[in-house]
Amino acid sequence: MKYQVNEKGYYGEFGGAWIPEMMYTNIEELKTRYLGIIESEEFRTEFDKLMKDYVGRPSPLYYASRLSEHYGSNIYLKREDLNHTGSHKLNNTIGQILLAQKLGKTRIIAETGAGQHGVATATVCALKGIKCVVYMGALDVSRQAPNVKKMKMLGAEVVPVHSGNKTLKDATNEAMRDWINNPEDTHYIIGSVVGPHPYPDMVARFQSVISKEMRSQLLEQTGSELPTRVLACVGGGSNAAGAFYHFLDDEQVELIGVEAAGKGVDTNETAATLTVGSPGVLHSARTMLMQTEDGQIIEPYSISAGLDYPGIGPLHAHLHKTGRAKFLAATDEEVLQSVLLLTQKEGIIPALESAHALAALDKIKMNPDDVNVVNLSGSGNKDMETYLNYFGY
Amino acid sequence: MNNRINQLFESKKENIFSVYFTAGFPKLGDTVKIIQELEKNGVDLIEIGMPFSDPTADGPTIQRSSEVALKNGMSLKLLFEQLKDIRQSVNIPLILMGYLNPVYQYGMEAFCQKCAEVGIDGTILPDLPLDEFDAEYRKYYEAANLHNVLLITPQTSEKRIRQIDDASAGLIYMVSSSSTTGAGKKVEDFHQDYFERVQNMNLKNPRVIGFGISDQATFANACKYAQGAIIGSAFVTAIKDSDNLEKDIATFVKSIDPGR
């Protein structure tokens, strides 16, 4: 239980609920009710059924033999890219839409960067017939046109956000403002393990299905529930939280989070929060942040819109601080090479985000008998335009 | 020495006119001038906004003024520098208002000491919740004779209002409706029943109503239910293109309360 949230919402020194009074009633309601609801048998039954029949779980754990040969070690891929909507994001939105219904909410809001969480939210709102508003930075709206159209087709209203750098951070600000203006009928589906308590814990619990399945699949395929290491990319950190969750207390399992270095951690164009950041308070949590010495938030940069966030979930800040997980950073260039490698070795085109985890395979020492599990959090379908431009096909 | 906020509410029980502006806006060097002109025109209490890159409780007007102020080069360090002699010319209470992170980076203890040194009487930090304040920061505030002003909203339960009243020693900031600042909700949208409910609770602290107060009518209406009201976005808009702060501030104050 060393790495679980405490009753005040902290992972060590990180987390909490640094909320304005305008959000107090909603957060207090969530805080007092979320565990009771999500641990109830009725909720579990409905959640598990949707995970199986709608999301398509369990997602396969695939032994990547040609990639393993390339690295001289055993590489397994947890295929979250095969979920409905093409990423791990749906695990969380299914959980939260069921929770929102139990709380009697009739309107859903969400923020999105690359659009994956927006699509996953619009999807569950269509599934349940609930009104959905998605905030998206105006720059991301133009960068991610297919996902914007998908959300609209699913019946969601997509609101372009013109403040700040017009990306994920600004979309999050605007979603929070919406919640402040609509405190009674609305539930805010945060897409990552960020924001005020209980969001980081709640989202980690919904995503923990990833590592739960990994354990039983590893047992079946390798004879042991425990791998040597688990690798996952980290922006806010929801897929990593899910991939690490059921291994946190098995200290012999090495956990590796991979941040987006952008053009390099020593440049101004990076999103590697743990490498360049310092503690602060943003989006209602105390965590590691990219900021100036005056405490203004620095706009991050990454080729991957889904990792383009100046903070990180408080769980990861804690895992970093305690040394329980190791965090590396991969540059845009390294990531694109990893995309091509997986595509041509295994016939799987990964999302830019997920390819950060793959890029870390070049940065660590692996023994021939090691069991390495890479969480392949999303599919590369949404990134085809970037790939085609870069590789020149 | 008594805190100036307490002195104000002891000497004046109604129609307290309070103005918010963003430090560093419209021009970096306007801070002291704006404060002096507001006092000269009869404003009772001022909230000096410390700009932040991510003002999640603010609407478009204050988002923009904050962005411009930061581009102009405003920082907490510079603000304190600008305010260092403010007590030689200004007597009304001054409150710093903003978000926690810049203060957190400055260091809460150093921040409180600096507030005492320049003559700041209180702070409003919406994302510093009461329990965190009590646990970590109250001691620094008390040592600096500084009040932490807490907010209540139409959703705040009676029990929580009592708790906030007990924890406050200067005033309570009543958010008029469920909104971010400058949301432009009309007087008739205000939660009349919320105003009356709180008015009848006989709280020990005086109250000022803020958010959505923008003109003479909304100001007068708010003053019926509390000791005073705060105007922010409407003032920021009034001075945004000003090339004559003296004249524009006088005109603005008169437009809200012709009696000043």
Side-chain angles (χ1 to χ4, degrees), chain A residues 8-10 13 15-29 111 161-165 168-186 195-197 278-287 289-299 310-311, chain B residues 50-60 63-64 66-67 69-70 73-79 98-107 111 124-133 135-136 150-157 160-161 164 172-175 177-181 183 185 211:
Chain A
K8 283 193 69 192
Y10 279 89
E13 68 186 83
W18 301 77
I19 47 167
E21 196 62 32
M22 294 82 98
M23 282 165 66
Y24 181 85
T25 307
N26 271 324
I27 293 296
E28 198 61 23
E29 178 182 36
E111 84 295 335
V161 177
H162 292 276
S163 58
N165 243 34
L168 178 57
K169 170 181 77 91
D170 313 294
T172 308
N173 291 339
E174 209 52 38
M176 287 190 162
R177 292 183 188 117
D178 181 307
W179 212 17
I180 287 171
N181 281 291
N182 298 284
E184 278 158 6
D185 60 346
T186 299
H197 176 66
S278 56
V281 176
L282 179 68
H283 296 149
S284 310
R286 180 157 70 197
T287 188
L289 299 176
M290 290 173 53
Q291 57 184 324
T292 66
E293 65 173 318
D294 298 321
Q296 307 298 338
I297 306 305
I298 294 174
E299 299 291 345
Chain B
M50 305 176 281
F52 181 49
S53 53
D54 294 83
T56 46
D58 284 299
Q63 287 174 42
R64 267 197 297 278
S66 302
E67 209 175 311
L70 291 173
M74 184 46 72
S75 69
L76 195 44
K77 270 193 200 116
L78 178 62
L79 179 58
Y99 293 81
L100 181 61
N101 198 51
V103 175
Y104 188 82
Q105 299 313 316
Y106 192 93
F111 171 80
I124 304 172
L125 298 167
D127 56 348
L128 173 55
L130 177 58
D131 56 338
E132 300 288 358
F133 172 76
E136 295 190 47
L150 299 165
L151 275 54
I152 61 174
T153 81
Q155 271 71 41
T156 311
S157 68
R160 176 105 178 139
I161 293 176
I164 285 169
I172 290 175
Y173 191 136
M174 274 181 80
V175 176
S177 57
S178 311
S179 74
T180 43
T181 56
K185 298 198 182 178
F211 286 44

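Just so we're on the same page: letters track the sequence lines, and every chain starts at 1.
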Engaged part of B:Q63 at the chain A interface, taking heavy atoms whose separation is under 4.5 Å: side chain
A:E28, part contacting chain B, at a heavy-atom distance under 4.5 Å: neither
Polar side-chain atom of B:Q105 near backbone of A:E293 as donor-acceptor pair, under 3.5 Å: no
Closest-packed option against chain A by number of heavy-atom pairs under 4.5 Å, given B:A57, B:P102, B:P51: B:P102
Residue, of B:T153, B:L128, B:D127, that accumulates the most heavy atom pairs under 4.5 Å with chain A: B:D127
Contacting moiety of A:I298, where chain B heavy atoms sit under 4.5 Å: neither
Proximal component of B:L76, with respect to chain A [non-hydrogen, under 4.5 Å]: neither
Side-chain heavy-atom pair A:P183, A:M22 within 4.5 angstrom cut-off: no
Audit row: A:R286, B:E136, salt bridge (charged side-chain N to carboxylate O under 4.0 Å, His left out) steps and yes/no: CA-CA 14 Å; A:R286 180 157 70 197; B:E136 295 190 47; 3.5 Å; yes
Distance-only donor-acceptor check, side chains B:T56 and A:N173, under 3.5 Å: no
Under 4.5 Å from a heavy atom of chain B, the part of A:T25 involved: side chain
For B:Y173, all residues meeting side-chain hydrogen bond (donor to acceptor under 3.5 Å, both in side chains), sequence neighbours excluded: none
Note, A:T287 side chain near A:L282 side chain (heavy atom, < 4.5 Å): no
Heavy-atom proximity to chain B below 4.5 Å, by part of A:Q291: side chain
B:T156 side chain to B:R160 backbone, donor-acceptor under 3.5 Å: no
Option in B:F52, B:Y99, B:Y106 with maximal non-hydrogen atom pairs under 4.5 Å from chain A: B:F52
Among the listed options A:P279, A:G16, A:S284, A:S278, the residue most often paired with chain B at heavy-atom distances under 4.5 Å: A:P279
A:E184: salt bridge (charged side-chain N to carboxylate O under 4.0 Å, His left out) partners, not counting sequence neighbours: none
Side chain / backbone / both / neither for B:L130 at chain A, heavy atoms under 4.5 Å: neither
Residue pair A:H197 / A:K8, side-chain heavy-atom distance below 4.5 Å: no
Proximal component of A:A175, with respect to chain B [non-hydrogen, under 4.5 Å]: neither
Heavy-atom proximity to chain A below 4.5 Å, by part of B:L125: neither
